[in-house]
Amino acid sequence: MNADIGILLLRVVIGLLIAGHGLQKISFRLGGSGLQGGIDEFRSDGFRGGAYTALAAGLGQLGSGLFLAFGALTPLAGMVAIGVMTVAVTVKARKGLWVQHDGYEYPLVLIVIAAALSLTGPGALSVDALFGIADLPPWAGILFPLLGAASGLIVRVLLHTAPVNRPDQRHI
C-alpha cells in the first residue's frame, strides 16, 4: 500500500504541474499569457502553426497532466506528456542541461517520470485500477513512452523552422 500512495503522490503532483503548464499556454490562468502568448512563444522558438500549435501543445499538456493525476489511461497520458516534453527538450538542448541557464533539465525530469509511470502503472489508487486496466503487459510500458518521444521528434521536424533570438524569455 505504501508504494500505491507513493505513486499516487507522484502522479498527482507531476500531473497537476503538467496540466497547469498547459493551461498557461492557452489562457491567462496561473500566470499564463493567453493563447496569443502561447502562439508568440512557439513562433519565437521557431515553430509554424500559430494557434493550432499552441492549442495542441497546451491542450496536450492540460489533458495528459489531468489524466496522469487521476491515473486514467496512464500509458496514453504518459505518451502525450512525453511527446510535448520531447519537443521542449529539443528547443532547450542548445542551452545545455541545467534549468538555471534555461536548459532542458525540467522537461527531461517530466519525461522520465511519465515513462516510469507508464512502466509501473498508476497504482491501486487510480481510475485505471477502478476499471481493471491498471496492469498492462510490460511491452505497453515500453512502447508508449517510445511512441511519445518519436511523436515529439516528428513534430519538431515537421513544424520547426528557425528560432527568433529572445534571450530575455525563459519558458518550456
Side-chain angles (χ1 to χ4, degrees), residues 8-118 122 127 144-145 147-149 151-172:
L8 172 67
L9 177 63
L10 186 65
R11 271 195 358 253
V12 169
V13 170
I14 292 302
L16 292 178
L17 286 173
I18 292 171
H21 198 78
L23 189 61
Q24 288 178 321
K25 288 210 179 337
I26 58 174
S27 76
F28 292 100
R29 302 279 183 193
L30 306 177
S33 301
L35 182 57
Q36 187 59 51
I39 293 167
D40 293 344
E41 177 184 334
F42 280 99
R43 284 192 179 143
S44 73
D45 288 335
F47 286 90
R48 295 186 293 261
Y52 295 121
T53 302
L55 279 170
L59 292 174
Q61 287 174 314
L62 179 61
S64 67
L66 291 175
F67 273 66
L68 282 173
F70 285 103
L73 301 175
T74 303
L76 293 173
M79 179 180 73
V80 173
I82 290 167
V84 176
M85 289 298 109
T86 297
V87 173
V89 166
T90 68
V91 169
K92 295 177 168 297
R94 62 186 164 81
K95 296 180 181 181
L97 174 63
W98 303 112
V99 76
Q100 71 263 27
H101 301 293
D102 198 27
Y104 61 91
E105 174 187 1
Y106 181 63
L108 179 61
V109 167
L110 295 177
I111 288 169
V112 170
I113 292 171
L117 288 171
S118 292
V127 171
F144 286 110
L147 289 174
S151 70
L153 294 174
I154 290 168
V155 165
R156 171 67 184 221
V157 168
L158 294 177
L159 294 181
H160 193 259
T161 57
V164 175
N165 190 10
R166 288 180 20 185
D168 60 317
Q169 299 251 334
R170 291 175 52 117
H171 48 266
I172 294 178

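Please read these numbers as outputs of a predicted model, since none were measured by experiment.
At a threshold of 4.5 Å between non-hydrogen side-chain atoms, the residues Val89 and Met85 do not count as touching. Contact annotation: the side chain of Leu16 approaches that of Leu66 to within less than 4.5 Å [non-hydrogen atoms, C-beta and beyond].
For residues 77-91, the side chain to side chain donor-acceptor pair (under 3.5 Å) pairs, not counting sequence neighbours, are Thr90-Arg156. Pairs of residues two or more places apart, or lying in two chains, that qualify as side chain to side chain donor-acceptor pair (under 3.5 Å) and include a residue from residues 64-84 are Thr74-Asp128.
Legend: residues meeting side-chain contact (heavy atoms from CB on, under 4.5 Å) with Phe67, ordered by chain and number and at least two apart, are Ala72, Leu73, Ala77. Residues meeting the side-chain hydrogen bond (donor to acceptor under 3.5 Å, both in side chains) test with Ser151, sequence neighbours left out: none. By the side-chain contact (heavy atoms from CB on, under 4.5 Å) test, Val109 pairs with Ile113, sequence neighbours left out. In this structure, the side-chain contact (heavy atoms from CB on, under 4.5 Å) partners of Leu30, at least two apart in sequence or on a different chain, are Leu23, Gln24. Looking at residues two or more places apart in sequence or on another chain, you find a side-chain contact (heavy atoms from CB on, under 4.5 Å) between Leu97 and Tyr104, Glu105, Leu108.
Taking each heavy atom of Ala57 and Lys25 in turn, the nearest pair found is CB-CD, 4.4 Å. A pairwise comparison of heavy atoms in Pro75 and Phe144 identifies CB-CD1, 3.4 Å as the closest pair. Of all heavy-atom pairs spanning Arg11 and Ala69, the tightest one is NH2-O, 3.2 Å. Of all the heavy atoms in Arg94 and Val91, the pair that sits closest is NE-O, 3.9 Å. The shortest heavy-atom contact between Ile18 and Ala81 is CD1-CB, 4.1 Å. Across every non-hydrogen atom of Pro107 and Lys92, the tightest pair is CG-CD, 4.1 Å.
The closest donor-acceptor contact from the side chain of Arg48 to the backbone of Thr53 lies at 3.5 Å or more, if one exists at all.
The line from CG of Leu110 to CD1 of Ile82 is 10.0 Å long, rounded to the nearest 0.5 Å. The structure places CZ of Phe47 at 10.5 Å from CG of Leu158, a figure rounded to the nearest 0.5 Å. If you take CD1 on Ile154 and CG on Leu147, they are separated by 9.0 Å, rounding to the nearest 0.5 Å. Here the straight-line distance linking atom OH of Tyr106 with atom CD1 of Ile111 works out to 11.5 Å at 0.5 Å rounding.
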Query - Stepwise side chain to side chain contact (heavy atoms under 4.5 Å, CB included) test for Leu68 and Val12 - result: CA-CA 7 Å; Leu68 282 173; Val12 169; over 6 Å; no

Query - Derivation of the side chain to side chain contact (heavy atoms under 4.5 Å, CB included) call for His21 and Leu17 - result: CA-CA 6 Å; His21 198 78; Leu17 286 173; over 6 Å; no

